[in-house]
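Throughout, numbering of the chain's residues begins at 1 and tracks the sequence. The basis for the numbers below is simple: all heavy atoms, side chains too, and nothing from hydrogens, waters or symmetry mates.
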Amino acid sequence: MTHRKIGYFDVEGSCYVAKPGRWRGKYTISEDGEELAEKLCTTLHENEEDACAEGLTLGVTAARKLMKEREGFDPGEHE
């Protein structure tokens, strides 16, 4: 599991075994401990690292969009 702070949001990228030998990424966006969004990625990966990286990448993109909607600016990849 990987973690990144984007604006007000905490983004966690993780993954799980989708079927034998295949991993699927997932992200969770939370604020002050309260979960705001969770999404499963659609791509199947051959290893855990790639799946978790996809989850974090998509989560960061979604969190940046939330910050743009909420505050009117994009904080970029890092706060």
Problem set entry | Nearest-0.5 Å distance that lies between atom CG in Leu56 and atom OG1 in Thr28 | 11.0 Å
Problem set entry | Gap separating the SG atom of Cys52 from the CD atom of Glu12, nearest 0.5 angstrom | 11.0 Å
For this session: Locate the shortest heavy-atom distance separating Leu44 from Ala18; write the atom from each residue and the value.
Result: CD2-CB, 3.4 Å
Problem set entry | Over all atoms of both residues, closest heavy-atom pair of Asp50 and Asn47 | N-OD1, 2.8 Å
Problem set entry | Any Arg22 side-chain heavy atom under 4.5 Å of Glu46 side chain | yes
Exercise. Hey, mind stepping through Val17 and Trp23 against side-chain contact (heavy atoms from CB on, under 4.5 Å) and telling me if it holds?
Worked result: CA-CA 5 Å; Val17 176; Trp23 296 79; 3.7 Å; yes
Problem set entry | CZ-CD1 distance between Arg4 and Ile29, expressed to the nearest 0.5 angstrom | 12.5 Å
For this session: Please answer whether the main-chain N or O of Thr42 pairs with a side-chain N or O of Arg24 as donor and acceptor at a distance below 3.5 Å.
Result: yes
Exercise. What are the two closest non-hydrogen atoms of Gly25 and Cys15, and how far apart are they?
Worked result: CA-CB, 4.0 Å
Exercise. Would Leu58 and Leu66 show up in the same hydrophobic cluster when neighbours are defined by side-chain heavy atoms closer than 4.5 Å?
Worked result: yes
For this session: Quick one: pull up OH in Tyr16 and NZ in Lys26 and give me the separation to the nearest 0.5 Å.
Result: 8.5 Å
Exercise. With the threshold set at 4.0 Å, does a side-chain nitrogen-carboxylate oxygen contact exist between Asp74 and Arg64?
Worked result: yes
Problem set entry | Nearest heavy-atom neighbours spanning Val11 and Gly59 | CG1-C, 3.5 Å
For this session: Could you tell me the separation between the CD atom of Glu71 and the OH atom of Tyr8, rounded to the nearest 0.5 Å?
Result: 3.5 Å
Exercise. What are the two closest heavy atoms between Tyr27 and Gly55, and how far apart are they?
Worked result: CB-O, 3.2 Å
